[in-house]
Protein chains: 2
Amino acid sequence: MKGFGTEIRNLRERLSKDSKEFSVRRVAAKIGVEPAYLSKVEREVVPPPSEVKIIALAKVLGADEDVLLALAGKVSSDLLCIIKDRPILFAELIRKLKEEPDHAVLRIVREVKDGDW
Amino acid sequence: MKGFGTEIRNLRERLSKDSKEFSVRRVAAKIGVEPAYLSKVEREVVPPPSEVKIIALAKVLGADEDVLLALAGKVSSDLLCIIKDRPILFAELIRKLKEEPDHAVLRIVREVKDGDW
DNA sequence: CAAAATGAGTACTAAGTAGTACACAGTACC
DNA sequence: GGTACTGTGTACTACTTAGTACTCATTTTG
């Protein structure tokens, strides 16, 4: 699997090619951390930052929050809250869907979206 | 909301009424912690223990793991792994199901179980 | 070439996590 | 009436999390 830091570095370097707004320093400032820290995060010298910083990074770099969080080994706290509200229900559902292929899960998503509940 | 410690204490005291196997000391030994620590956990003097100890507690006290974990503000790590494997898919599904009533979610669970995917 | 910006190295830290170890007073048993 | 078990108070600790602060050597740019 690709690391979180590597992904951030790739995203940032792509953007920095045609804008001076995406140096380590600028991005670090935008998300509210020290440049040296972001540098270390990108080189994976330190573990990924907190959820708040990861979400800020996703916004700045135009990436998907949930994907970046997953690369960092985390799950968005709003999802956790939803599960914690009804632990038995969601635990059973998620464990069942573990073995199902993407298209099957996607079908359910659509069903919920369009369905007349 | 009822706290995690209170729930543990209730479960344990109920069991200890007709068996000497459920004193703080005995249960603490069964799950591999010091009695003083379990006592503090039950009185909520300290935050809930780690996932491993909570699952051990659930087994010893005959409670649902996911419910106890939820009371402790946690979500089972096996569920987290499933979500992290396909973050976009599961994030969308779970957020959609947030607003749905229990019976709707249950219907989906049964559909997955019985359906010919 | 001088000034500014770039990424990176080192050292440190405050707060939280997950407990242990020991001691002690009250109660129950027989 | 001593032994043994009950729950609990106090003190301490190792590890992890999530960073800051300062420094420095190299580009890059005007």
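Chain identifiers are assigned alphabetically (A, B, ...) following the order of the sequence lines, protein sequences preceding nucleic acid strands; residue numbering begins at 1 within each chain.
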Compare side-chain N and O positions of [X] against OP1 and OP2 of [N] and report whether any pair is under 4.0 Å apart.
X	N	value
S23(B)	dT6(D)	yes
R26(B)	dG7(D)	no
K74(A)	dT17(D)	no
R12(B)	dT6(D)	no
S39(A)	dG7(C)	no
S50(A)	dG19(D)	yes

Side chains of E44(B) and T6(B): do they bring a donor and an acceptor to under 3.5 Å? yes
Please state how far atom [atom1] in [X] lies from atom [atom2] in [N], giving the value in whole angstrom units.
X	N	atom1	atom2	value
E34(B)	dG9(D)	CD	P	16 Å
K20(B)	dG7(D)	NZ	P	14 Å
I54(A)	dT17(D)	CD1	P	12 Å
L38(B)	dG9(D)	CG	P	14 Å
L57(B)	dG19(C)	CG	C1'	14 Å
K53(A)	dT20(D)	NZ	C1'	11 Å

Minimum-distance nucleotide to P49(B) side chain [options: dG19(D), dT8(D), dG19(C)]: dG19(C)
Let's see if you can work this out: which of dA21(D), dA8(C), dG7(D) has an atom nearest to the side-chain heavy atoms of V24(B)? dG7(D)
For a quick check of understanding: with a heavy-atom distance under 4.0 Å over all strands, which category does P35(B) fall into, base, sugar-phosphate or nothing? base
Applying a 4.0 Å non-hydrogen cut-off, can you work out what V33(B) is touching in the nucleic acid: base, sugar-phosphate, or nothing? sugar-phosphate
R43(A) (side chain) and dG7(C) (base): donor-acceptor pair under 3.5 Å: no
Do the side chain of K40(A) and the base of dT20(D) come within less than 3.5 angstrom through a donor-acceptor pair of N or O atoms? yes
Please walk me through it: do K74(A) and E51(A) pass salt bridge (charged side-chain N to carboxylate O under 4.0 Å, His left out)? CA-CA 8 Å; K74(A) 300 174 198 270; E51(A) 177 174 347; over 6 Å; no
Between the side chains of R95(B) and D78(A), is the shortest nitrogen-to-carboxylate-oxygen separation below 4.0 Å, so that they form an ion pair? yes
I'd like to know if E92(A) and K96(A) make a salt bridge, using a cut-off of under 4.0 Å between side-chain N and carboxylate O. yes
Find out whether the Lys NZ or Arg CZ of K84(B) is both under 6.0 angstrom from the six-membered ring centre of F90(B) and within 45° of the ring's axis. no
Reading DNA chain C from 5' onward, which residue's closest nucleotide shows up sooner: Y37(B) or R25(B)? Y37(B)
